[in-house]
Amino acid sequence: VSVYGALYPRIAIQDGDVTLEDGASRFGLKSSKDMGNGNTVAGVMEFSVDVGNGKLASANTSRLANISYSGDWGSATIGSGWSIDSSNKACVAGGQGCGHVGYQGRVADMLQVTGDLGGFSVKAQTEFDGTDGVAAWALATTIGFGSLDVAAFYRDDGTDTTTHIGANTTLAGVYVGATAGDSSDGTDSWGLGVKLPGGVKIGMDNVAGDLQQVTASYDIDLGGSTLRLLVRDDEGSDTVAKVQWSYSL
């Protein structure tokens, strides 16, 4: 068993008010075992930590807890983990909200299977709700065209359906990622992310036709830890400036 973690204390300044807050600190336990015949089983348990208040923090899907099996055939994961949606290519700036209609991030009560079909990456996910069926199901794929990567995602939660597409490439050392999402309830979204050679990252997120957020961040290596400078402008609120320290256990 290996222990890992990261601490993210940060100071936020908004409208003259100064706050010491936590930036999703966590610690975890993980291990893996060789099952033979090229197969591996692994387990992970993560816990959220509130650095500012010095306590454990709990919320549904705030961290990971799952068992996964993997081999040449692909992988299968059960528990709480990251969604198969890898289409949010615009989420590049540290501290960026990454607004994306219907985006899940981590998912609870899931069974997830991934594999390869004719050169295409194929991923499937079901989410259980304690009834005689499933709460939602989703499919995703990623396709490469030289330096261009394209991802697509579809999810049906029994009430609404959501479709995401995203693409990214690197040109002359500049990463550019774009994403778009659409829900059957009429909500749509788009995003754009750029990583410049000097280390500056800029992200823009738009949901339901309104500009929600513009974020810029820059990381400074302190030799053993990292200092992140962040500026974020949210639609309808004051600009936020943040200084975040990070240290990996």
Side-chain angles (χ1 to χ4, degrees), residues 2-30 44-65 80-83 85-86 88-100 103-106 166 168 170 173-177 179 189 191-207 211-249:
S2 60
V3 180
Y4 66 95
L7 302 173
Y8 300 110
R10 64 189 180 196
I11 294 175
I13 303 173
Q14 183 176 9
D15 193 27
D17 296 328
V18 181
T19 304
L20 176 60
E21 60 185 26
D22 181 76
S25 301
R26 82 293 301 266
F27 76 94
L29 308 171
K30 61 182 179 180
V44 60
M45 292 188 297
E46 273 188 356
F47 305 89
S48 297
V49 179
D50 183 339
V51 172
N53 292 299
K55 65 177 184 178
L56 292 179
S58 62
N60 289 344
T61 69
S62 62
R63 298 263 59 94
L64 308 177
S80 173
W82 287 103
S83 169
D85 186 0
S86 58
N88 202 346
K89 305 298 185 179
C91 190
V92 298
Q96 183 179 353
C98 308
H100 200 28
Y103 182 65
Q104 295 177 279
R106 287 175 290 269
N168 70 280
T170 301
V174 178
Y175 170 95
V176 179
T179 186
S189 65
L192 179 66
V194 178
K195 298 179 185 179
L196 301 176
V200 175
K201 303 174 184 178
I202 302 172
M204 180 180 296
D205 302 303
N206 181 290
V207 179
L211 185 61
Q212 299 293 311
Q213 186 184 90
V214 178
T215 308
S217 67
Y218 180 72
D219 291 346
I220 302 173
D221 186 357
L222 300 180
S225 66
T226 302
L227 179 68
R228 170 170 294 166
L229 306 178
L230 167 71
V231 177
R232 188 175 71 210
D233 180 66
D234 294 321
E235 186 78 12
S237 64
D238 296 310
T239 299
V240 180
K242 297 186 178 184
V243 179
Q244 175 178 288
W245 291 262
S246 64
Y247 177 76
S248 296
L249 303 180

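- Put simply, NZ on Lys195 and OG on Ser217 are 9.5 Å apart, with the number rounded to the nearest 0.5 Å.
- Ala24 approaches Tyr8 most closely through the heavy-atom pair O-CD1, 3.5 Å.
- Within the model, atoms NZ of Lys242 and CD1 of Ile13 stand 11.5 Å from one another, a figure rounded to the nearest 0.5 Å.
- Residues Ser189 and His100 come closest through the heavy atom pair OG-ND1, 3.5 Å.
- Distance alone, capped at 3.5 Å, places no donor-acceptor pair between the Thr19 side chain and the Glu21 backbone.
- For the residue pair Tyr247 and Ser225, the shortest heavy atom distance occurs at CD1-CB, 4.4 Å.
- Checking side-chain atoms of Thr239 against main-chain N and O of Asp233 turns up no donor-acceptor pair under 3.5 Å.
- Across every non-hydrogen atom of Ala93 and Gly203, the tightest pair is CB-N, 4.1 Å.
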Original post:
Could you go step by step and tell me if Leu196 and Val174 meet the side chain to side chain contact (heavy atoms under 4.5 Å, CB included) rule?
Top reply: CA-CA 5 Å; Leu196 301 176; Val174 178; 4.2 Å; yes
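- At a threshold of 4.5 Å between non-hydrogen side-chain atoms, the residues Val243 and Leu229 count as touching.
- To the nearest 0.5 Å, atom CG of residue Asn168 and atom SG of residue Cys91 are 12.5 Å apart.
- To the nearest 0.5 Å, atom CG of residue Asp85 and atom CD of residue Gln104 are 7.5 Å apart.
- The side-chain heavy atoms of Ile202 and Val92, taken from C-beta on, include no pair separated by under 4.5 Å.
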Side chains of residues 46-56: which donor-acceptor pairs under 3.5 Å do they make with residues two or more places apart or in other chains?
{"residue": "Glu46", "atom": "OE1", "partner": "Arg63", "partner atom": "NE", "Å": "2.7"}
{"residue": "Glu46", "atom": "OE1", "partner": "Leu64", "partner atom": "N", "Å": "3.4"}
{"residue": "Glu46", "atom": "OE2", "partner": "Tyr4", "partner atom": "OH", "Å": "2.8"}
{"residue": "Ser48", "atom": "OG", "partner": "Ser62", "partner atom": "OG", "Å": "3.2"}
{"residue": "Asp50", "atom": "OD1", "partner": "Gly52", "partner atom": "N", "Å": "3.2"}
{"residue": "Asp50", "atom": "OD1", "partner": "Asn53", "partner atom": "N", "Å": "3.2"}
{"residue": "Asp50", "atom": "OD2", "partner": "Asn53", "partner atom": "ND2", "Å": "2.9"}

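- Looking at heavy atoms from C-beta onward, Ile11 lies in side-chain contact with Trp245 at the 4.5 angstrom threshold.
- Across all non-hydrogen atoms, the minimal contact from Lys89 to Thr179 is N-CB, 4.1 Å.
- For the pair Thr215 and Gly94, the tightest heavy-atom approach, listed with the atom from each and the gap, is CG2-O, 4.2 Å.
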Original post:
How far apart are the C-alpha atoms of Lys201 and Asp219, what are their side-chain angles, what is the distance that settles it, and do they pass the side chain to side chain contact (heavy atoms under 4.5 Å, CB included) test?
Top reply: CA-CA 9 Å; Lys201 303 174 184 178; Asp219 291 346; 4.3 Å; yes
